[in-house]
Amino acid sequence: MKYVIGNWKSNGRWEENARLLTRVRELPRPGVEVGVCVPFPYLAQAREALVGSAARFGAQNVSPFGAGAYTGEVHAEMLREFGCHYAIVGHSERRQYFGESDAVIADKIGRLVAVGITPIWCIGETLAERQAGKWQEVLARQVREVVERAGVDSVGHCLLAYEPVWAIGTGINAEPEDVEAAHAWVRSLLREVGVREHVPILYGGSVKSGNAHALFSVPGCDGGLIGGASLSADEFAAIAAAA
Ligand code: 13P
């Protein structure tokens, strides 16, 4: 199975969304799961637009808490009621701008798995970390800390996304060799910490129609988490076709 999942980030407008979702409806194929993670206010629109299609939708965040006095938070049970299939956790933009720690990420994963939503768990090193030759160490820390707190069973229900921070929104995708090495390293870490399920590992970072086929052909790459290119129906359709 290959996964092609769009992360709209903080983008979208009702009418553009409607046009985009009409195309997204048609994209799933046997062996290719297609989904979109949309801003909270558009979850209802995505649900309605994708009714009767195999295309899935989800959120881009979730509260690490349950119901209660947590102003501004949206908890996992609410997302489940909406019919969300996924929720992204640990995206580098949330780590960078909102201080999301591995402990919080682990708690979010636990909340999601408890209600049957698939976490899309993002990990990845910064440019400085890669240049310092520390990418393996960084990925190992990100994986180990979450597994330790969330437990191997919860982690077994995730989709993992390897998103090198230097490739996100920069137009510079990781080279297929780098993706292969990183995915193999993450796969070996998951085995080492005792995750028995096959956790799909997606690549994210400047995936476009022009590089999708090369990236998705990398051994150990189970698909892509697509940012900017998921906002264009033609681009997203071409990426899904490449899968
Ligand atoms: P871009 O595809 O815009 O580089 O973003 C990748 C990403 O962050 C997906 O979550």
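In what follows, residues are counted from 1 in the order of the sequence shown. Predicted, not measured: the structure shown is a model, and the values here were computed from it.
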Could you see if [X] belongs to whatever hydrophobic cluster contains [Y]? Use Ile, Leu, Val, Met, Phe, Trp, Tyr and a side-chain cutoff under 4.5 Å.
X: I109; Y: V195; value: yes
X: Y162; Y: V4; value: yes
X: I88; Y: M78; value: no
X: I5; Y: L79; value: no
X: L159; Y: F57; value: no

Side-chain heavy-atom pair [X], [Y] within 4.5 angstrom cut-off:
X: T118; Y: L112; result: no
X: C122; Y: R94; result: no
X: V146; Y: V155; result: yes
X: L21; Y: Q45; result: yes
X: D178; Y: R130; result: yes
X: H198; Y: R187; result: yes

Please check this pair: side chain of [X] against backbone of [Y], looking for a donor-acceptor N/O pair closer than 3.5 Å.
X: R111; Y: P64; answer: yes
X: S63; Y: V74; answer: no
X: R25; Y: A49; answer: yes
X: R29; Y: E26; answer: yes

### Query
Does the side chain to side chain contact (heavy atoms under 4.5 Å, CB included) test come out yes or no for I239 and V207, once each step is laid out?
CA-CA 8 Å; I239 292 167; V207 178; 4.3 Å; yes
Discussion item. Looking at E129 and K134, is any side-chain nitrogen of the basic one under 4.0 Å from a carboxylate oxygen of the acidic one?
Written reply: no
Is R19 paired with E16 through a side-chain N to carboxylate O contact shorter than 4.0 Å? no
Assess whether atom CD of E48 is packed by more than 12 heavy atoms of other residues, nucleotides or ligands within 6.0 Å. no
Test log, rule side chain to side chain donor-acceptor pair (under 3.5 Å), inputs Q60 and W8: CA-CA 8 Å; Q60 299 169 13; W8 289 6; over 6 Å; no
What's the spacing between [X] [atom1] and [Y] [atom2] if we round to 0.5 Å?
X: F40; Y: N61; atom1: CZ; atom2: CG; value: 5.0 Å
X: W166; Y: W135; atom1: CH2; atom2: CH2; value: 10.5 Å
X: K9; Y: S230; atom1: NZ; atom2: OG; value: 8.5 Å

(request) Kindly indicate, with the supporting measurements, whether the criterion salt bridge (Lys or Arg N to Asp or Glu O under 4.0 Å) is fulfilled by E100 and K108. (result) CA-CA 10 Å; E100 198 158 303; K108 291 181 175 189; 2.8 Å; yes
Parallel, tilted or perpendicular: which one describes the rings of Y203 and H183, with boundaries at 30° and 60°?
tilted
Item checked: Step-by-step side chain to side chain contact (heavy atoms under 4.5 Å, CB included) determination, I105 to R95 -> CA-CA 9 Å; I105 291 162; R95 293 178 191 257; 3.5 Å; yes
- Task: Test salt bridge (Lys or Arg N to Asp or Glu O under 4.0 Å) on E33 and K2 and set out the steps.
- Result: CA-CA 6 Å; E33 180 170 314; K2 289 277 198 232; over 6 Å; no
Before giving the answer on side chain to side chain donor-acceptor pair (under 3.5 Å), spell out for E163 and H91 the whole-Å C-alpha distance, their side-chain angles and the decisive distance to 0.1 Å.
CA-CA 8 Å; E163 299 211 319; H91 193 280; 3.0 Å; yes
By side chain to side chain donor-acceptor pair (under 3.5 Å), K208 pairs with (sequence neighbours left out) none
Could you go step by step and tell me if M1 and D222 meet the side chain to side chain contact (heavy atoms under 4.5 Å, CB included) rule?
CA-CA 7 Å; M1 173 68 83; D222 297 299; over 6 Å; no
I'd like to know whether R144 forms a salt bridge (Lys or Arg N to Asp or Glu O under 4.0 Å) with D102, so could you lay out the CA-CA distance, the side-chain angles of the two residues, the decisive distance to 0.1 Å, and finally the verdict.
CA-CA 9 Å; R144 288 211 181 93; D102 291 310; over 6 Å; no
query: Is there a side chain to side chain contact (heavy atoms under 4.5 Å, CB included) between L202 and L160 once you walk through the steps?
result: CA-CA 6 Å; L202 282 50; L160 240 166; over 6 Å; no
